[in-house]
Structures are given as C-alpha cells and as structure tokens.
2 protein chains.
Amino acid sequence: MTSFPEAFESFALKILSPDLSDAAHLRFQALARQVALEKDRSLDFDGNSSQLIFVGHGATKLVAHASEARDQIVAFHFGGEVFSVPEQDNYSYSVCALRDCSLLTFPADDFLNLAASEAGILRHLLDNTTGSLRRCREKTIALGRKTAAERVAVFLLAMSERIGMEQDGTVLLELPMSRRDIAESLGLTIETVSRQLSLLREAHVIETTGRSGIVLREMGMLKARAGYLRDAA
Amino acid sequence: MTSFPEAFESFALKILSPDLSDAAHLRFQALARQVALEKDRSLDFDGNSSQLIFVGHGATKLVAHASEARDQIVAFHFGGEVFSVPEQDNYSYSVCALRDCSLLTFPADDFLNLAASEAGILRHLLDNTTGSLRRCREKTIALGRKTAAERVAVFLLAMSERIGMEQDGTVLLELPMSRRDIAESLGLTIETVSRQLSLLREAHVIETTGRSGIVLREMGMLKARAGYLRDAA
DNA sequence: GCAAATCTTTGATCGAGATCAATGAAGGCC
DNA sequence: GGCCTTCATTGATCTCGATCAAAGATTTGC
C-alpha cells in the first residue's frame, strides 16, 4: 500500500509548483484526504461541495446517477490523473474503483483558495480540465451521432491510447472495466457491446482473451470503423 | 456595431485582472482578433491550434463535424461567455453564428503564455472551463441515458436558465436556434424534436409563438419530464 | 479441483426514434 | 401585398439497438 506522504509527493510532483514554499506545501498536504478505495467500492459526495480527485494508482470511473437504475459513466480516470467531481445538481455523482485505488481528495473551493496566487498550479488544473473537456466533447459526439459499432471502436481506440501496450504493430489491452461499465459509458446495453465485440472478433480486427484481455490486431481497420472524419494515420 | 476597443474592454472587464499593467493589457489586446460574424456564417479553424473565443454579443453554436452530413452541436454560447475550441483531432470544429455576433478570438497557447504568471486570469479561465465541462457532462448524461421527451425537456430548462425571461410564474424564451440546431444538439432528428414539442403543447406545458418563441407555462411539469434524480424546487 | 456465483455471449422479439414522404406555416424579397 | 423559399409539423413505415430469455465462460471460494 502506498503511504500517505508518498501518495502526496506523487501528487505534488505532478501538480504543485516545484518552487512552492514548504509552508504552502504543507497547507496543501493538510487539505488532502487520502482514500484507499477497494475494487467496486465507491466514494459518494452527498455533501454538496465540488471535489478535486487525484488518482495515485488504480483505475476509477466517474458515475452520474440519473433516475434510479439509470447510471451514466461520465469518464474513466487512471493513475496519475487529476479530475474534478461536480457538486450535486441535477444528478448525484460518485467515484467508483475499477481496481484497488489510492486516491487523494480535496474540497475544490478550499484548494482553489490556497492556489489563488499560484499561477503554476492553476495552469496545471486548467490544462487538466481542458483535457477532460476535450474527452467529454468527444464522448458527446459519439453518444449523439454514432452507431453502436462506431462507439465500440472509438472506445477501444481511446483505451489503446490511454492504457494500451504496443507490441509489434498490435496493441494489448488489459481492460479494468466490465462489459457493463463499457455499456454504461457508451450509452448502450451489455448485450450490444458484447455483440459488437463478437463482430470485431469475427472480422479478425481484435482477439479477446478471458474477460479483460483484448488484442487490437488491425488498428487501421479499427480506425476505419470509428467513423472519424478522416482516417488519421 | 461594437467597435474593437469597446468589445475588448467588455472582455477585459470579465476576464482580465483589474490591476493588470497597461503594458500587459495592450499585449492581450494585440493578441485579440475581432470578428463580426453574421447570422449563419461560421468560423473554421483549419489551422490546428486551439482557440479561445469571447462572445461580445450574439449567440453561437460550437459544431463538431463527424463524417459528412453528421454534425453534432457540442455547445451553445451566448453574449459574455468565453469558451475554447479544441484543435482539430478526430473531428474538425467550427463556431457558427445563430444571430449576428461580435467575437474576439485568441490563439489559446499564445494567450496562456501571456497569462502564465497572472493567477487571476488563469482562475477565470479555469472557472469558465469547469463550467463548460459541467454542461458537457450533463449533455453526456442526456445523450447516453435519456429518452427524446426527457432530452427536449432538459433542453428547454437549460435555455430557460441561460436566456429565459421570467414573467409571473412563466418563462419566455426567444430561441435563437432552429429545430435543426436543437436536434443536432440533442442527438435527435428535426421530426422527433418537433413531435416532442407538439406533445408538450398538447399537454399545455408550453406554448409556441412563431418559429422561435416558446412560453414555458408549467415549469414544475417540465422538470418532472426532464428525468432528473429528484425534482429540485 | 469442484461447485457456485457472476459475467459474457448468443438468440428471439419488441419498440423508440429514424427515415421517407407530404402538407402546412413563417418569413423574406421583389 | 403576394409569391417563393425555407422551416416546421404531421403521418406511415422501417431499423437499430433495447429487452427478454437462455446457455456458455470465467472467476471465486471452499
């Protein structure tokens, strides 16, 4: 298990300015709450303040709860990433562990107050948020205009960029999320996701090993099936 | 027509720090490009750098172009708002005027370099981006998990918050966007949007006047039809 | 190593929304 | 002010993905 100072140091390296005073550094550390979240456990923020989350290691999903039994996965986040959980408005949000995780959580408003005059930190947060926004917009496009087949292809390509291991032309994926998670992220059902994966398997575009392993054999084919404007090389 | 210094001043008031030096102020001004965009005209950024847009007045849509004839409206933006247009990646983006607009555009990277040590400006941008992210996530939930009826209700409620005129219990909307725009924003077709509006009209929840006027008569009913977790008051 | 529980795959049917088609209403232009 | 173009509405049919149902894999626990 990662110890608290260790997890915080990894956060500090990524987000805090290297020339931050020790005193300021300690104030940020005092604000952090370390959470060890076991697989399938989730963190609810009934309290209404927006949170900032740092994923030390592990993999998480950010879930929005619409009316009962209708959850939408808003984003996946992996080790080293920072993201913000909105305060509860029309929906309630929770962060759930796909694998055992170590997280650091900060109340967003307190954090921003502490960082009010730290341009470097704000810049890091801005870059992170802009990245989240870009991914969220791409998801919007997929959910608004793409077929089931295209969404699954887009998902596999996105995962290949984020957690794929390249190996002589093919990409190995060890997916931390279940078919249900994929479906809830893509606005589809488990059955549809499974059928689309089967089609890709039959077309020899992918191979699957067990529940979580996927080999992307034909990246070109996959891109062609993602419904992108132009097949970027 | 708004003159350039005037449009920039309105931007400066919203985003730049009041205690910014005159020299810095001028450097930002030099970076700004003023664009008067007529209704239905759009601004393409084939060039690959991300842009920062300030809407002086008017109304705009941010459109992502997926494969031909499949556009998804990613966001609407109205007078006084700032937003970022991502650089072209898997999709190309354009900003299109719903009404005559005056815009200020900045290359995002140059702007951020200028603002590198201006915590106040970065904070404004961060707040704006976080707001965009929140709205984008809500759209994701709608597109992923909501029925056509719910999406249209959500849309009307969101517009009522942003550009509605309250009048003794009812809200008057003068929509700057067409049915096509609404459909492209909600991941539906024109026909479905029109049918849902007709249903709301028959249920006396809304009234429509001409093409763009809508009166929200029963806000409670509308909220109940939006599929929110709990009917917030 | 076997049994139980869970997750995934496959098949059959159904339905919400898309598509195709036509009519009706607004607004623009001469 | 009337014609014409464009946009919105309404109707009929079709389709993709959801739902319902069952069988097959994979993992877990003893």
Side-chain angles (χ1 to χ4, degrees), chain A residues 38-40 61 66-67 69-72 98-100 142-156 173-203 206-214 225 227, chain B residues 38-40 61 66-67 69-72 98-100 142-156 173-203 206-214 225 227:
Chain A
E38 291 171 28
K39 181 165 151 60
D40 293 332
K61 54 180 174 179
S67 40
R70 281 200 304 176
D71 288 347
Q72 172 68 38
L98 299 170
R99 297 248 178 278
D100 289 1
L143 297 192
R145 286 283 167 259
K146 282 182 189 286
T147 64
E150 289 170 332
R151 293 185 206 182
V152 170
V154 166
F155 169 81
L156 291 175
L173 279 179
E174 189 66 26
L175 294 182
M177 68 287 283
S178 69
R179 299 288 186 268
R180 172 169 300 281
D181 291 325
I182 300 174
E184 285 186 356
S185 162
L186 298 180
L188 300 169
T189 57
I190 323 177
E191 294 95 326
T192 299
V193 170
S194 182
R195 270 185 258 269
Q196 292 303 330
L197 289 176
S198 295
L199 287 174
L200 289 173
R201 208 183 299 122
E202 285 162 24
I206 66 170
E207 284 165 29
T208 56
T209 58
R211 278 176 186 165
S212 58
I214 297 193
R225 287 164 184 252
Chain B
E38 291 172 28
K39 180 167 152 56
D40 293 331
K61 56 179 175 180
S67 39
R70 282 198 305 175
D71 287 347
Q72 172 69 38
L98 300 170
R99 296 250 177 277
D100 288 2
L143 297 192
R145 285 284 168 257
K146 283 180 188 287
T147 64
E150 289 171 332
R151 292 185 207 183
V152 170
V154 166
F155 169 80
L156 291 175
L173 278 180
E174 189 65 26
L175 294 182
M177 68 287 284
S178 68
R179 298 288 187 267
R180 173 170 300 282
D181 291 326
I182 300 174
E184 285 186 357
S185 162
L186 298 180
L188 299 170
T189 58
I190 323 178
E191 294 95 324
T192 300
V193 170
S194 182
R195 272 185 256 269
Q196 292 303 330
L197 289 176
S198 296
L199 288 174
L200 288 172
R201 208 184 298 121
E202 285 162 25
I206 66 170
E207 283 165 31
T208 57
T209 58
R211 280 176 184 164
S212 57
I214 297 193
R225 285 164 185 252

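Heavy atoms only: backbone and side chains are in, while hydrogens, waters and symmetry mates are out. Naming: A, B, ... by sequence-line order, numbering from 1 per chain.
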Nucleotides 24-30 of chain D: protein proximity per nucleotide (B base, S sugar-phosphate only, - neither; heavy atom, under 4.0 Å): -BBS---

Side-chain touch A:F155/A:Q196, heavy atoms, less than 4.5 angstrom: no

Note, B:D181 side chain near B:L175 side chain (heavy atom, < 4.5 Å): no

What's [X] touching, base or sugar-phosphate or nothing? Going by heavy atoms closer than 4.0 Å.
| X | result |
| --- | --- |
| B:R201 | sugar-phosphate |
| A:S194 | base |
| A:T189 | base |
| B:S178 | sugar-phosphate |
| B:G187 | sugar-phosphate |

Among D:dG17, D:dG11, C:dT9, the one nearest A:T192 by side-chain distance: D:dG17

Nucleotide nearest A:S198 (side chain, heavy atoms from C-beta), chosen from D:dT10, D:dG17, C:dT10: C:dT10

Base of D:dT19 paired with side chain of A:R195 (donor-acceptor, under 3.5 Å): yes

The single option from B:L197, B:L199, B:L173, B:V152 passing side chain to side chain contact (heavy atoms under 4.5 Å, CB included) against B:I206: B:L197

Among A:V193, A:T192, A:T189, side chain to side chain contact (heavy atoms under 4.5 Å, CB included) partner for A:R179: A:V193

Divergence of helical axes at both termini of the helix from C:dG1-D:dC30 to C:dC30-D:dG1 - five pairs an end, 10° steps: 50°

Within 6.0 Å of CZ in A:R201, more than 12 heavy atoms from elsewhere: yes

[N] [atom2] sits how many Å from [X] [atom1], rounded?
| X | N | atom1 | atom2 | answer |
| --- | --- | --- | --- | --- |
| B:L200 | D:dA8 | CG | C1' | 16 Å |
| B:R179 | C:dG17 | CZ | C1' | 18 Å |
| B:E191 | D:dA12 | CD | P | 15 Å |
| A:E202 | C:dG11 | CD | C1' | 13 Å |
| B:D40 | C:dG27 | CG | P | 15 Å |
| A:E184 | C:dT8 | CD | P | 12 Å |
| A:I190 | D:dC20 | CD1 | P | 13 Å |
| A:R70 | D:dT19 | CZ | C1' | 15 Å |

Can you tell me how far apart [atom1] ([X]) and [atom2] ([Y]) are? Round to the nearest 0.5 Å.
| X | Y | atom1 | atom2 | answer |
| --- | --- | --- | --- | --- |
| A:T147 | B:R70 | OG1 | CZ | 6.5 Å |
| A:E191 | A:S198 | CD | OG | 12.0 Å |
| B:R145 | A:Q72 | CZ | CD | 5.5 Å |

Side-chain donor/acceptor of B:R151 to backbone N/O of B:K146, under 3.5 Å: yes

5' precedence on DNA chain C between A:L197 and A:R145 (nearest-nucleotide basis): A:L197

B:E174 and B:R99: CA distance, side-chain angles, deciding distance, salt bridge (Lys or Arg N to Asp or Glu O under 4.0 Å) verdict: CA-CA 12 Å; B:E174 189 65 26; B:R99 296 250 177 277; 5.1 Å; no

